[in-house]
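In what follows, residues are counted from 1 in the order of the sequence shown. Ligands are counted one by one from 1 in listed order, and the atoms in each one are counted from 1 as well.
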Amino acid sequence: MNDLTRRDFIQSTAIAAATGAIASRASASTQAAPKLTHPVVVASGNGMAATQKAADMIAAGADTLDAVIAGVNIVEKDPDDMSVGYGGLPNEDGIVELDSCVMHGPTCRAGSVAALRNIKTPSRVAQLVMERTDHVMIVGEGALRFARAHGFEEVNLLTDKARRHWLKWKEDHSKKDDWLGAPDAPDADNKGARADSEPMFTYGTINCCGLSPTGEVSGVTTTSGLSYKIPGRVGDSPIIGAGLFVDRTVGAAGSTGRGEAVIKSCGAHTVVEAMRHGMSPTEACLHGLKRIVDTTTELRLLDEKGRPKFDVKFYAVSIDGRHGGAALWSDAHYAVNTDGKNRREPCAHLFQRPPKKG
Ligand code: ASP
């Protein structure tokens, strides 16, 4: 098959598959599928600038993956966002390690980097892994060497502000680290999930998924991961099927929050599969969260009512343009650009946060 014929074949297969998926979902869904006139872009709550940028680019005819990556690049390069890219909080040793993955719906391709140091935009490196290698995932030193080979500028990602946060954590000799004692140690079960007990900035990530009016969909997730993590720790964000999953016939989903829980439940894949079987994006996100609740058994991660002490959020867009977000705990939001407008939407939730004391 020459290139042109292969492309035509892929395209017509995609259209046939998409049509079939929309037809079967429409009968299972309570909402009628809207006819799209504008892009639909969803992102985590910190992604307002990303959804705007990506929607503008898709509306101007850009590829959906190029658009969502350009969107998250704004946050990756922002030194004031301490959860993503440059300025992100470092690992235990004071070194920033970044994770990211991308999926391009139209071609069913994916790329990923994990524990990448010194490069401000890991999402761009993940895109190059997809485009310029026969691999899906490159980690650590290999990822840095790959980025170097592609001419990425190397910088110290640790800003002074992030260094001061890390130093305080180190000086406090906090028990809130990731090391667990031996099971027979006297206070082995004494540790909580850090997400619940650290004041702020412990978790944080940006996920962004974009759908074009012609039904092409792509996504990206990028993060500095869990702050003060054990060096080399990899979260859900660069794992295809955990922090991000895109299916060109169904839609896309991504996550933020405690990556360990999302990895164990194949989070984003679970959400996309739920949409495939007829759930709306919001229902599918809640379904993914219930799976996490059902599979979290460690007492140290549960409160007195057996609910996870940590938070996870899922965001999703279906191929027919519906969107949704859900969090384990109430009061969360996601960013969305639809009908040419950028706004924040409340996430559905499983558990109501207790009122703040004082
Ligand atoms: N999911 C990310 C991780 O576990 C962190 C986050 O989303 O806040 O690395």
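Those atoms of ligand 1 with a heavy atom of Ser237 less than 4.0 angstrom away are 1 (N), 2 (C). Every atom of ligand 1 is numbered from 1 in the order shown, and the set under 4.0 Å from a heavy atom of Leu226 is 9 (O). Annotation for ligand 1: atoms under 4.0 Å from non-hydrogen atoms of Gly225 are 9 (O). Against a heavy-atom cut-off of under 4.0 Å, Thr256 is close to the following atoms of ligand 1: 7 (O).
Of the listed residues (His349, Arg353, Lys309), just one forms a side-chain contact (heavy atoms from CB on, under 4.5 Å) with Trp329, and that residue is Arg353.
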Working for salt bridge (Lys or Arg N to Asp or Glu O under 4.0 Å), residues Asp160 and Arg163: CA-CA 5 Å; Asp160 208 47; Arg163 184 189 55 75; 2.8 Å; yes
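When side chains are defined from C-beta on, Met103 counts as touching Ile240, because their heavy atoms get closer than 4.5 Å.
When only modelled atom types and interatomic distance are considered, Thr214 and Ser212 share a side-chain donor-acceptor pair under 3.5 Å.
Atom CZ of Arg343 is surrounded by more than 12 heavy atoms from other residues, nucleotides or ligands within 6.0 Å.
The closest approach between a heavy atom of Arg233 and any atom of ligand 1 is below 4.0 Å.
Here the shortest heavy-atom distance to atom 6 (C) of ligand 1, taken over Asn207, Thr205, Thr221, belongs to Thr205. Scanning Val262, Asp236, Val312 for the heavy atom closest to atom 3 (C) of ligand 1 points to Asp236.
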Only distances under 3.5 Å count here; give the side-chain donor-acceptor pairs of residues 88-95 to other protein atoms, sequence neighbours excluded, each with its distance to 0.1 Å.
from	atom 1	to	atom 2	distance (Å)
Asn91	OD1	Asp93	N	2.9
Asn91	OD1	Gly94	N	3.2
Asn91	OD1	Ile95	N	3.0
Asn91	ND2	Ile95	O	3.4
Glu92	OE2	Trp179	NE1	2.5

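Where the criterion is an N or O separation shorter than 3.5 Å, residue side chain and backbone included, Gly259 meets it with respect to ligand 1.
The proximity of Lys313 to ligand 1, defined as any non-hydrogen pair under 4.0 Å, does not occur for either the backbone or the side chain.
Residues passing the salt bridge (charged side-chain N to carboxylate O under 4.0 Å, His left out) test with Arg145, sequence neighbours excluded: none.
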